[in-house]
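To start, the structure itself, in structure tokens.
Below, each value reflects all heavy atoms present in this structure, side chains not excepted, and no hydrogens, waters or symmetry copies.
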Amino acid sequence: MSWLPLSFGAPMVLWGLLALPVIWWLLRLTPPRPQTEVFPPLRILARVLRREETPQQSPWWLTLLRLLMAALIVAALAEPVFNPREKLPAEGAALALVIDNDWASAADWGKRVATAERLIADANSNGVPVLIAFTAEKPNAEIGPFDAAAALDRLRAAMPRPIPTDRPAVYARVASALESLPGASVAVLADGLAAQGDEAAFNTLLSKNAARVVWAVSDRLSLTGLTGADNQVDGFALTAIRAPGDPAPAQVTAGAFDDKGRRIADATLTFAPGGTTATSTMAVPFELRNDFAYIALDGERQAGAVRVLDESSKRRRVGLLSQAEADQAQPLLSPLYYIRRALQPFADLVEPSSVDLADAIPQLLDQKPAMIVMADVGTIPEQARRRLVDWVDKGGTLVRFAGSRLAAAGNDDDLLPVRLLTGERSLGGALSWTAPQPVTEFPKTGPFADLAPPTEVTVTRQVLAEPTPDIVERTWATLADGTPLVTGMKKDKGTLVLFHVTPEATWSNLPISGSFVEMLRRIVQLSRNQGAAVANAEAAATSLAPYRMISADGTLVPPTPDARPLVPGAGPQPVTLENPPGLYGSETGVFAHNLLVGDSAFTPLARPEITVPVTTIQYAFDEQRNLKGPLVTAALVLMVLDTLAVFWMGGLLSRRPRRAGAAATAAVLLIALGALIGHADVARADDAKPGDTEAIGGISKTRIAYVLTGEPGIDSISRAGLEGLTRFLIEKTALEPGAPAGVDISKDELSFYPLIYWPIDPSAPMPSEAAIARVDAYMQQGGTVLFDTRDQFANGIGADSTSPATERLRDILGNLNVPPLEPVPSDHVLTKSFYILPEFPGRFAGSPLWVEASLEASNTENRPVRTGDGVSPIMITANDFAGAWAVDENGDPLLPTVPSDPMQRIYALRAGVNIMMYMLTGNYKSDQVHVPVLLERLGQ
């Protein structure tokens, strides 16, 4: 394991970082940023105050960004890994993976799978096959060898099983497969619990061609299991176990659940420091305990922490037997009457259909009662007696009541807790010297110890027990004279109890007292159910179908496909893949088949003596992270930023401000560099003179102006028209004009605008002489005015016209120094300044565009437009250019063309483009000097 949290798969690539100085030298130069010049030339003059230097090398931040990008690429090629793990010894002829997938591995199965995946990945990198075997699967499961992909598929398809491991059989199969693969690596992924036959299993596995061993263990064995849940007198007695070696005390909580999964009771079990066993009693009423379906430990997600309950833990079945015929006329004299009344609330009572003991006793035993009550039964037939003795030895509880028949039958050591004296004793009669005897305190060692003695109960007759050394231990209740009233003893797994009085109120008033009910209830709670009562007892004894199974993580699930019927036996049945833990039977009755038995213990698995090299690893998830992908992603992000920075420095982003994406990108870059730009602007402002700020603000963008006529409808169409032309210029050309400006020719500065559009309206006020003089000065100084009468004037300037707009135009031009005019010739620069146009339509078509006439217009070979850069100071049209250019906020046309032709509007916009290009470039397109360069650019 490296002491650094970072490693490289190809560290030699890092020598490429030495090339960063060379990369810096290559990247420090950047093409000069193209200069954006703004017309008119006053903007250039304003910049003379502080000339902005064009950088000859890339900015430091751009160079740093590129160096960082190069360093990230070099680091990514070196295949860096964060938090690298140690490479495991998965090499040799093969890798044999032996994995415990039993119930003890369920809690951290994900870590075990992740550990096995790392081993398979290392085996794949070394090019060795993989054997993979699970110790809780079928013995004939295929173990390989497989390639890495197939081994991963089998690993991910495996799951923990709720059964113990079978290491001897599985290890023997792996050892047999390794005989043909000498020098293999063996990885043991054990659950940490020792099992029977482990020593022989490990000797078999590691003695066959194992060249190296990987031993995977958990950080500690933290399992807690439930080994006992017995329904006793006071409640459910719970027993839990844990692995030794934990010196700290611990507490676990157990919950009792009904058959619908509802929690109905709790209990806390406490492990003493260093202790491995904890006990507790879930003290709940007897009736509530009958609803318990299973008990589980909180926080333990494994099958050993769950214990299912069957009929032996629920309400008891009690068989009633008497030799006396029932007297329907006198039910209070029936020997079973008070017994029925006492037991009926908390027990299921069953009675035979025959009074013959030879038939009645087998009938009761076939119904598997927990307890049988005999009311004054004397001699028992031998065949029935043998079955009854066997039933008691296997856990049955036999309660007998005295009477004349029992007193005359003699002693039976197998079915009586004490030996009896012949005859019976009478107390308080006419011929007796003794009075009826009351009941004294119950012995502390008996089941009635916590009951109050019935002071109202007296005994007039009884059968006496022979005095023996153990008579005191077997006495559960005594009379005031010390003679036994109730005796009892454990016989093998069962219990024998004898009431020395009759069950009816002839010898004693005990059967009609409340103490009689409590005494019988305690005895019932001491009994144990013997199984489910089913119609066909022989079939039930043969096999029980799976009903509900305990999964490996401790939940109750339907039977799995591998589950088979269970054949109950005399002792605990083994838990196997065919008989997993759970409930077997049906809704009428179930048999509990639990994983852990009463004497189970968790013994930690000790690593065997291994002569070959051993690598010990911990179960853990793979926390290493390959950084190649993130580094490449970071380099790509920096590359995108570098590209945007180059676009911004080249002015590309500012050429399409109307696009939201470009505007957002430009905004991000401007925010990052705002401080530098703001500083430069402040420096230029410091050199300005009074009045320069307004002038520079007015000429910072090329703008088209229109004359404010005072008529709102006309002025709004003029503004909408110039906005439409501005959008078209931005979309089709490199020119990006600012917003159109409305000018008052009587007071606004006109020299800021290369072109002024003047719509002629006869209803508008006539400009003053001063205003016309300002327009004349503007035209003489290089500006151009585009007059638009919007009346489709086509008769020439000198022709008479009745149009009011024409009359108003004549009045205006009469005060101006207007040069000679002519319609635009076919070879004029206006016809080819950007688009090739034969005519200049607007909203109307048909009117020519009038411009300044060329000198010697009759000589087409000697036009000034071919030899100079002069621009006509005046243009006149009647085609309503603004009406054709006008658009709304969505870019849709406002006015229709006449005639209605979509191409006419396009030609009108193209005419506007040619006029603007002509205003900004003059007769550039007619200069023969540029013809070779133009042809070269066109690929001629």
Side-chain angles (χ1 to χ4, degrees), residues 1-7 9 81-102 104-136 143-146 148 151-152 154-156 158 160 165 167 170-171 174 178 181 183-195 198 201-202 205-206 209-223 243 245 604-626:
M1 180 67 70
S2 173
W3 62 275
L4 287 175
L6 186 67
S7 68
V81 176
F82 179 74
N83 197 16
R85 61 176 174 82
E86 181 182 5
K87 190 174 179 63
L88 301 176
E91 53 190 14
L95 169 66
L97 272 174
V98 187
I99 305 172
D100 286 347
N101 65 323
D102 61 326
S105 64
D108 58 350
W109 179 249
K111 288 184 178 181
R112 298 170 189 267
V113 172
T115 304
E117 287 178 346
R118 295 200 302 271
L119 287 164
I120 294 175
D122 291 341
N124 184 39
S125 63
N126 295 329
V128 298
V130 179
L131 286 86
I132 183 168
F134 300 95
T135 59
I143 63 174
F146 308 105
L152 279 176
R154 290 183 173 272
L155 173 65
R156 292 165 182 167
T165 61
R167 293 191 183 113
V170 176
Y171 284 12
V174 176
L178 290 179
L181 298 169
S185 298
V186 177
V188 179
L189 278 63
D191 60 4
L193 285 179
D198 280 350
F202 281 112
L205 176 66
L206 302 179
N209 300 323
R212 59 198 62 80
V213 174
V214 177
W215 185 266
V217 295
S218 300
D219 50 358
R220 68 186 184 94
L221 188 59
S222 57
L223 294 174
L605 177 64
R607 195 178 76 181
E609 295 293 334
I610 304 175
T611 58
V612 296
V614 181
T615 301
T616 302
I617 62 174
Q618 297 283 338
Y619 290 119
F621 292 104
D622 192 357
E623 297 180 353
Q624 75 172 16
R625 295 293 180 269
N626 193 334

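By the 4.5 Å heavy-atom criterion applied to side chains, L205 and V188 are counted as neighbours. For the pair L131/L181, a side-chain contact is recorded, criterion being any heavy-atom separation below 4.5 Å from C-beta on. For the pair W109/I99, a side-chain contact is recorded, criterion being any heavy-atom separation below 4.5 Å from C-beta on. With a 4.5 Å cut-off on side-chain heavy atoms, F202 and V213 do not count as touching. Side-chain contact between I132 and L155: present, with at least one pair of heavy atoms (C-beta onward) separated by less than 4.5 Å. In this structure, the side chains of L152 and F146 stay at 4.5 Å or more apart for every pair of heavy atoms.
The shortest non-hydrogen separation linking L119 to A187 is CD1-CB, 3.8 Å. Closest heavy-atom contact between P145 and P129: CB-CB, 3.9 Å. Of all heavy-atom pairs between V128 and A94, the closest is CB-CA, 4.3 Å.
Partners of R112 according to the salt bridge (charged side-chain N to carboxylate O under 4.0 Å, His left out) rule, which considers only residues two or more places apart in sequence or in another chain, are D108. Residues satisfying the salt bridge (charged side-chain N to carboxylate O under 4.0 Å, His left out) test with R607, not counting sequence neighbours, are none. S105 meets the side chain to side chain donor-acceptor pair (under 3.5 Å) test with no other residue; sequence neighbours excluded.
There is a side-chain donor-acceptor pair under 3.5 Å between S185 and R212.
The structure places CG of L178 at 9.5 Å from CG of L206, a figure rounded to the nearest 0.5 Å. If you take CG on L97 and CD1 on I143, they are separated by 11.5 Å, rounding to the nearest 0.5 Å.
Side chain of D198 to main chain of A195: a donor-acceptor pair is present (N/O by atom type, distance under 3.5 Å, no hydrogens or angles). Between the D100 side chain and the D102 main chain, no donor and acceptor come within less than 3.5 Å of each other.
Each of V170, T135, L193, L605 was compared with T165 under the side chain to side chain contact (heavy atoms under 4.5 Å, CB included) criterion, and only T135 meets it.
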